**Q** 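Questions regarding the structure given below will be posed in turn.
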Amino acid sequence: MSTVFQKFKFTLNDIPTYRSELMGWSILWIMALHFRFITIKPLGFIAQYGFSGVEIFMFVSGLGLYYSLQKRPSLPTFYRKRLFRIFPTYYLVGVIASLVLFGDNLQTYLFRYSTIGFWTGGPYFEWYIPSIVACYLAAPFLKKLLDSRWSFSLGILVICMLASSYVMVWHPVFDRSHFFCYYRIPAFVTGMACAKWLLEGKSQTPSIKYGYWGVAIAGMIVFAFCFPFHYVVYEFKYYSLFFLMPIFIAFFCTVGKVSKALNVVFRSMGNASLEIYLIQCLFFTAINNGQLTVSDTWHDDITLSLIAGCSVAGILLHLFLERLWSLSRHANRNTGV
C-alpha cells in the first residue's frame, strides 16, 4: 500500500512533468464554464468554478517562461518565439471573428488583434491574449527581479498579492475583462517563482513544501467563508480560488500519474490549448452577443458537442500549423535563409 501511495504522491517536481496535461485540464474546465450545464447538476456545479483554470494557465505560463529564460536566449529571440506562437493563430481565428461576429474593416481588425484595443479602451476580441502578451513582455524583467535574492523574490510575491487585493476591493473601478486580467497577476508571478525554486533544488525544503500547502489551507478557509455568500461576495470567491490553485494542480498531476490514457488526451489538448481557447471564444462570443441561441431543451447536449468540437478542431488546427511551421523552417534551412 505504501508503495502505491509513494507512486502517486504529488511533489512540486510533478508540475513541469505534467505541464501540458495541466493546460489540457484547464482548457476543458474553462469551456465547461463558458458553455455551462443547466440540467446535469454535478457538472454545472464544477463548471461554475472553471475560471480557476485560467489561474492554472497563468501559473503554468509563468513557470514555462522562467525555464525558457533560464536558457539565456537573446531578448529578440525570446520575444520572437513567444509572439510567433500566439499572433499567427490569433490573426487567423480573428479573421473569422471579425467577418462573422464584428463586421470589422481592416483598420479595426488590426487594432483589435494587435491587443492595442484592449489597453486603450478600443475594440478587442477577448481579454486573455492581451493579458498574456503583456506578461510575456514583462517576463525577462520579472526574472531579473526574482533572481536578485530570496527575500526580494518573496517581497515581489507579497506586493503582487497586495495589488491583487486592491483590485478585489476596488473592482467597480475596472471593467470585467480588465478585472479578470489584473487580479491574476500573482498566479503568473508565482509560476515564475516556482520554476526558480525547482531549478534551485528547493522543491523539497520544508519552507517550500509547507508554504505550498499553507496557501492551499488558507484557500480552503477563505473559500469556505465566501461560499455561503456565493453571489454576494462574487469577486472574493475568485480570490479564494487563487489560494486553492495548489490543490487543483496537485489533483490534476495525480490524475496524470494514475491514468496514462487520460494523459494522452489531455496532453494533446494542452499542446493545442491556444487554438482550442480561441475557437471556443468564437462560439462563446456569439452566444454572449445573442448571435447564437442555444435552446434550453438541447442545452447540455449542445454544450457537450461544443466542448468536443472545439477540442478536436483546436487539436487539428494545432497539428496543421505545426506542420506548416516545420515545412517553412525546413525550406529556410535548404535555401540558407
Side-chain angles (χ1 to χ4, degrees), residues 5-30 49-71 82 85 128 132 135-136 139 142-143 146-147 150 153-154 156-157 160-161 184-220 240-260 262-274 276-277:
F5 176 77
Q6 287 297 325
K7 180 181 178 182
F8 297 127
K9 181 182 177 182
F10 169 76
T11 69
L12 291 181
N13 290 310
D14 292 330
I15 298 175
T17 302
Y18 294 99
R19 180 173 175 268
S20 294
E21 288 83 349
L22 283 170
M23 296 176 77
W25 283 104
S26 296
I27 192 60
L28 175 65
W29 205 0
I30 290 166
Y49 300 106
F51 41 73
S52 195
V54 184
E55 262 84 1
I56 297 175
F57 260 127
M58 296 294 277
F59 175 89
V60 169
S61 294
L63 183 96
L65 289 179
Y66 191 97
Y67 278 122
S68 296
L69 287 164
Q70 191 67 10
K71 298 173 184 176
R82 295 301 158 306
R85 169 70 182 102
Y128 178 75
I132 201 65
C135 289
Y136 284 178
L142 280 171
K143 184 179 184 298
L146 289 169
D147 287 346
W150 173 262
S153 62
L154 184 61
I156 292 171
L157 288 176
C160 286
M161 291 306 303
R184 286 183 165 109
I185 292 172
F188 179 80
V189 178
T190 304
M192 293 193 73
C194 184
K196 169 184 166 66
W197 300 331
L198 289 170
L199 287 169
E200 291 176 349
K202 295 180 178 178
S203 60
Q204 296 303 309
T205 59
S207 59
I208 299 298
K209 287 197 297 185
Y210 296 151
Y212 183 91
W213 292 111
V215 168
I217 292 169
M220 287 189 286
S240 68
L241 287 180
F242 166 76
F243 290 100
L244 283 177
M245 185 173 61
I247 290 181
F248 298 141
I249 288 173
F251 174 76
F252 291 137
C253 285
T254 303
V255 170
K257 292 183 177 183
V258 172
S259 176
K260 302 300 180 185
L262 281 177
N263 270 3
V264 174
V265 174
F266 286 99
R267 190 182 305 120
S268 298
M269 290 180 67
N271 291 334
S273 56
L274 171 66
I276 295 172
Y277 169 74

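This is a predicted model, so every value here is computed, not measured.
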**Q** Does Y66 have any side-chain hydrogen bond (donor to acceptor under 3.5 Å, both in side chains) partners at least two apart in sequence or in another chain, and if so, which?
**A**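 Y66: side-chain hydrogen bond (donor to acceptor under 3.5 Å, both in side chains) contacts with D147.
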
**Q** Could you report the tightest heavy-atom contact between M245 and E55, atom names first, then the distance?
**A** SD-O, 3.4 Å

**Q** Nearest 0.5 Å, what's the OG-CD1 distance between S52 and I30?
**A** 9.5 Å

**Q** State which residues pass ring pair (Phe, Tyr, Trp, His ring centres under 6.0 Å) with F266; sequence neighbours excluded, sorted by chain then number.
**A** W25

**Q** So, using side-chain hydrogen bond (donor to acceptor under 3.5 Å, both in side chains) as the criterion, who are the partners of D14 when residues are at least two apart?
**A**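 Scan of D14 (side-chain hydrogen bond (donor to acceptor under 3.5 Å, both in side chains), adjacent residues dropped) gives K257.
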
**Q** Identify the heavy atoms of S68 and R82 that sit nearest to each other, and give their distance.
**A** OG-NH2, 2.6 Å

**Q** For residues L198 and L63, determine if any side-chain heavy atom of one lies less than 4.5 Å from a side-chain heavy atom of the other.
**A** yes

**Q** Would you mind reporting whether F59 and I15 have side-chain heavy atoms less than 4.5 Å apart?
**A**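 Side chain of I15 against side chain of F59, heavy atoms only: contact under 4.5 Å found.
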
**Q** How long is the straight-line distance from OG of S273 back to CG of L22, given to the nearest 0.5 Å?
**A** 11.0 Å

**Q** Please report the shortest heavy-atom distance between A250 and T254, naming the atom on each side.
**A** O-OG1, 2.7 Å

**Q** Which distance, rounded to the nearest 0.5 Å, do you find between the OH of Y136 and the CZ of F188?
**A** 8.0 Å

**Q** Tell me the closest heavy-atom pair linking L146 and K196, and the distance in Å.
**A**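 Smallest interatomic distance, heavy atoms only, reads O-CE, 3.1 Å.
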
**Q** Counting C-beta onward and ignoring hydrogens, is there a side-chain heavy-atom pair between Y277 and M23 closer than 4.5 Å?
**A** no

**Q** M58 and C135: which non-hydrogen atoms are nearest, and at how many Å?
**A** CE-SG, 3.8 Å

**Q** Can you sort out the partners of F251 under side-chain contact (heavy atoms from CB on, under 4.5 Å), two or more places apart, ordered by chain and number?
**A**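 F251 satisfies side-chain contact (heavy atoms from CB on, under 4.5 Å) with V255 once adjacent residues are dropped.
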
**Q** Would you call I132 and F57 a side-chain contact if the rule is heavy atoms closer than 4.5 Å?
**A**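 A side-chain contact is absent here, since even the closest heavy-atom pair is not under 4.5 Å.
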
**Q** Is any side-chain heavy atom of F248 closer than 4.5 Å to one of Y49?
**A** no

**Q** CD of E21 to OG of S268: how many Å apart, nearest 0.5 Å?
**A** 9.0 Å

**Q** List in chain and number order the residues that pass side-chain hydrogen bond (donor to acceptor under 3.5 Å, both in side chains) with S20, two or more places apart in sequence or in another chain; answer none if no residue qualifies.
**A**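 S20: side-chain hydrogen bond (donor to acceptor under 3.5 Å, both in side chains) contacts with N271.
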
**Q** Identify the two heavy atoms, one from Y128 and one from S61, that lie closest to each other, and give their separation to 0.1 Å.
**A**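 Heavy atoms only, the tightest pair is OH-OG, 3.9 Å.
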
**Q** Who passes side-chain hydrogen bond (donor to acceptor under 3.5 Å, both in side chains) against Y18, sequence neighbours left out?
**A**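 Not a single residue meets the side-chain hydrogen bond (donor to acceptor under 3.5 Å, both in side chains) criterion with Y18.
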
**Q** Does the side chain of Q70 reach to within under 4.5 Å of the side chain of K143, using non-hydrogen atoms?
**A** yes

**Q** So W197 and L12, do their side chains get closer than 4.5 Å, heavy atoms only?
**A** no

